[in-house]
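First the structure, in the form of structure tokens, and then the observations on it.
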2 protein chains.
Amino acid sequence: MQLDQLDRRIVGVLLEDGRATFAQIGDRVGLSAPAVKRRVDRLVSSGAITGFTVRVDPSVVGWSTEGYVEIYCRGSTSPAEILKAVDKHPEVVSASTVTGEADAILHILASDIRHFEQVVERIASEPFMVRTKSELVLSPLVRREQGSIPD
Amino acid sequence: MQLDQLDRRIVGVLLEDGRATFAQIGDRVGLSAPAVKRRVDRLVSSGAITGFTVRVDPSVVGWSTEGYVEIYCRGSTSPAEILKAVDKHPEVVSASTVTGEADAILHILASDIRHFEQVVERIASEPFMVRTKSELVLSPLVRREQGSIPD
DNA sequence: GCCGTCGCACAAGAATCTTGCGTGAGAGGC
DNA sequence: GCCTCTCACGCAAGATTCTTGTGCGACGGC
């Protein structure tokens, strides 16, 4: 589906404040509240907006240890196998197959180092796994996680 | 600030649906709508909830190329310097200093390979940069970006 | 010129938010 | 034991927002 300029600006406002009133959004993009609501409904049902959520301070919620894990698999391993192995761990917050030496990169949130180690251990014990390489986050510098809306 | 069991369940509901009605949340956690609102207000003002937002399909919005970039800096480089250099690029969606050989890992969203290359190029031209190592995402497997709420 | 489509603003009833108020449970002092 | 203070809750009502039906104007095809 194609987004026009108005849709992009609406999404931009919602990225900043997902609870903005339709009237508030309308003021910023130059539409009436019902017009904004109809566009938002359309963006949701078309899949451009996949949901509404909250941003949470990870440390307050109990995730104080964070890291990236590169995984190296046997040559015959499919992305679907990796997904299956990785998706059952709620600590894995993001996972992607990638170019380069590693087969995939995982982003993991855990409550402490011990917990982090356990998760990596369990993933490393999958039959298709060859080895893993972990990098622990020292300090988070940027955390946008969504990107802004290009014009 | 300390979250009790009720707060955690409220945050859990909001992570799934950030626009859930206070009454709906109340039904799921066993509170009245006003009680939920007061707790959510408290979670927001205490910083446990840092904001409300939407989840967006990156491809629809125009971000179709994604990758991780490890950066290697001169020994004397501070995290603040890295932040300053990296924060001005909206394409950098997340950045952290890490343990291991690399000094930091960046997560980048771009509109295409050319765009991705330009961003990496600009970052690589910072005076403190020694080298970069990019890994392009082939297929996103998991995309939770928030983690669930531990008990 | 005419008609169909699309997207908008307006308006009113429905739903939700928001706030003040009274109550009950638990902690601590006397 | 009893008192009080605090805290979080539910209830209720006014304010705000949502939601949907309606009509209008712009645009494009016939």
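Chain naming here is simple, since letters A, B, ... match the order of the sequence lines and numbering starts at 1 in each.
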Which atom pairs link the protein and nucleotides 24-29 of chain D when you take only N or O atoms and keep those under 3.5 Å?
none

Quick one: does A:Pro58's side chain get under 4.5 Å of A:Glu66's, heavy atoms only?
-> no

Are any of A:Arg42's side-chain N or O atoms less than 4.0 Å away from OP1 or OP2 of C:dG7?
-> no

Is B:Gln118 atom CD crowded by more than 12 heavy atoms from other residues, nucleotides or ligands, each under 6.0 Å away?
-> yes

In whole angstrom, give the distance that lies between atom CG of B:Leu31 and atom C1' of D:dC7.
-> 14 Å

Using heavy atoms and a sub-4.0 Å distance, could you list which residues of residues 2-14 of chain A are near DNA chain D? By number, please.
-> none

Residues B:Glu126, B:Lys88: salt bridge by 4.0 Å N-O rule | yes

Gap between atom CG of A:Asp103 and atom OG1 of A:Thr77 - 0.5 Å precision = 7.0 Å

Are a donor atom and an acceptor atom from the side chains of B:Arg143 and A:Ser96 found within less than 3.5 Å of each other?
-> yes

B:Val36 side chain near B:Val40 side chain, heavy-atom distance below 4.5 Å | yes

Taking D:dG10, D:dA8, C:dA9 as options, the one with an atom nearest any side-chain atom of B:Ala35 is D:dG10

Test applied, side-chain contact (heavy atoms from CB on, under 4.5 Å); reference residue, A:Tyr68; option that passes from A:Leu106, A:Leu136, A:Val137 | A:Val137

If you round to the nearest 0.5 Å, how far is CG of B:Leu6 from CD1 of B:Ile25?
-> 11.5 Å

Within-4.5 Å side-chain heavy-atom neighbours: A:Arg144 and B:Asp87 | yes

Indicate for each nucleotide in nucleotides 10-25 of chain C, in 5' to 3' sequence, whether protein heavy atoms under 4.0 Å reach the base (B), only the sugar-phosphate (S), or nothing (-).
-> BB----SSSBB-----

A:Ser64 versus A:Ser59, side-chain donor and acceptor atoms under 3.5 Å | no

